[in-house]
Amino acid sequence: MAKRKRDTIEEFAVIKRIRYDENTKCVKLSNMSNIVQSWVVRGEVSSVSSIRLCTVGKVEKSVFNFELRDDTGVIRATAYGTTADGIHDKLQNGMIMQLHNFKIKAINPAFNSTGNEYEIEVDERTFIREVTDCPTVEEKKSLPYTEFHDVQSSTDTGIAINVVGIIKRVGDIKEFQSKSSAKSLKKRDVILMDENKNTCVVTMWNDDAVDWKYVPRDIITITGAGINEFCGFYSVKLYRTSVIIKDAAYAKSVMLKGLLDELMPQL
DNA sequence: CCCCCCCC
């Protein structure tokens, strides 16, 4: 089949070069939040958030985030409204998706932990389709991970991070009253271990705590997590937008899986 | 266009 120009697949790293590229179809370099691309990207779905409601003006609409990875990196995408409702249940980790006609905008590091400078906005004009006959991702650039010893010495708790580790221990649910809102809160602490046997506490709240389904020796990657500080002790916490991925396709998760018996012998 | 807060 003859390859049309518009079917050229752009690597995610290319998106970074938009602001320097005189020949792209980008029209507004000064307003990165509203560039309509005629480009096409393709990537493997690596993280899908749950769907949630947001209020824009007086209208309530669905929104969720997902991430795609290709050989060159990772990009986060956000889908809204009926588009979000239409595609959310179809997206599964491992699927290769191709996107046409998306917008890009500069990321906010408080919400975006992919390491990319830009992210994708999916709107009603965006085409998304699964591609089945294509090469698998050869990871040259992964997610940026925050090492557990760096969690302990964090200086900026307002940045979204990614962590990966082996579950060492799963705590029980603890329930108490919120002082500020008189709400009943539930939390669950889980201890993760890395390849150096450093550990880190990860705190799950409410539904994430109640619906917890992972067990010791599972390898989980958490995208878009936060850092919590209490009396000089730092831990990882989950946000509503954070995603837990068991046995992620990323190299570090695969590496930990290979070291599992050595790091945490089966009883 | 949306999320980041909940406790010791």
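Residue numbers begin at 1 in each chain, while the letters A, B, ... track the order of the sequences.
Among B:dC1, B:dC3, B:dC7, the nucleotide with an atom closest to any side-chain atom of A:Y80 is B:dC1. Each of B:dC7, B:dC2, B:dC6 was ranked by its minimum atom distance to the side chain of A:E119; first place goes to B:dC2. Taking the side chain of A:F230 as heavy atoms from C-beta on, and the options B:dC8, B:dC2, B:dC6, the nearest nucleotide is B:dC8. Among B:dC7, B:dC5, B:dC1, the nucleotide with an atom closest to any side-chain atom of A:R240 is B:dC5. Looking at the side chain of A:D123, the nearest of the listed nucleotides B:dC6, B:dC3, B:dC1 is B:dC1. Listed candidates were B:dC3, B:dC1, B:dC7. Nearest to the side chain of A:N228 is B:dC7.
The residue A:K61 sits close to a base: some heavy atom pair falls under 4.0 Å. Among the heavy atoms of the strands lying under 4.0 Å from A:N206 is at least one base atom, whether or not backbone atoms are also near. When heavy atoms are screened at a 4.0 angstrom cut-off, A:R188 is found touching no nucleic acid atom at all.
Residues A:S62 and A:Y80 have side chains that never bring a donor and an acceptor to within less than 3.5 angstrom of each other. Using modelled atom types and a 3.5 Å distance limit, the side chains of A:T241 and A:S49 yield no donor-acceptor pair. Side-chain atoms of A:T203 and A:D189 include a donor-acceptor pair closer than 3.5 Å. There is no side-chain donor-acceptor pair under 3.5 Å between A:T114 and A:E67. A donor and an acceptor atom, one from each side chain of A:N65 and A:T78, are located under 3.5 Å apart.
In this structure, CD1 of A:I107 is placed 13 Å from P of B:dC1, rounded to the nearest angstrom. Spacing between atom NZ of A:K187 and atom P of B:dC8 amounts to 9 Å, rounded to whole angstrom units. At whole-Å resolution of the value, CH2 in A:W205 and C1' in B:dC5 are 9 Å apart. Remark: P of B:dC2 and CD of A:E60 are 13 Å apart, rounded to the nearest angstrom. One interatomic measurement links the two molecules: NZ of A:K58 to P of B:dC1, which rounds to 21 Å at whole-angstrom precision. Between the CE atom of A:M204 and the C1' atom of B:dC6 there is a distance of 15 Å, rounded to whole Å. Across the protein-nucleic acid pair, A:D189 atom CG and B:dC6 atom P stand 14 Å apart, rounded to whole Å. Between A:L185 atom CG and B:dC8 atom P there is a gap of 9 Å when expressed in whole angstrom units.
Of the side-chain N and O atoms in A:K186, none sit less than 4.0 angstrom from OP1 or OP2 of B:dC6.
Of the possible polar contacts, one joining the A:K90 side chain to the A:G86 backbone as a donor-acceptor pair under 3.5 Å is found.
Contacts between residues 46-53 of chain A and DNA chain B, defined by a heavy-atom separation under 4.0 Å, are made by A:R52.
Nearer to the 5' terminus of DNA chain B, by closest-nucleotide assignment, is the contact made by A:V122 (compared with the other of A:V122 and A:N112). Comparing A:S242 and A:Q177 by the nucleotide of DNA chain B whose heavy atom lies nearest to each, the residue mapping closer to the 5' end is A:S242.
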A:V190 vs A:M204, side chain to side chain contact (heavy atoms under 4.5 Å, CB included): CA-CA, chis, key distance, verdict
CA-CA 8 Å; A:V190 173; A:M204 257 60 61; 3.4 Å; yes
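Looking at A:V48 and A:Q92, their side chains never come closer than 4.5 Å, going by heavy atoms from C-beta outward.
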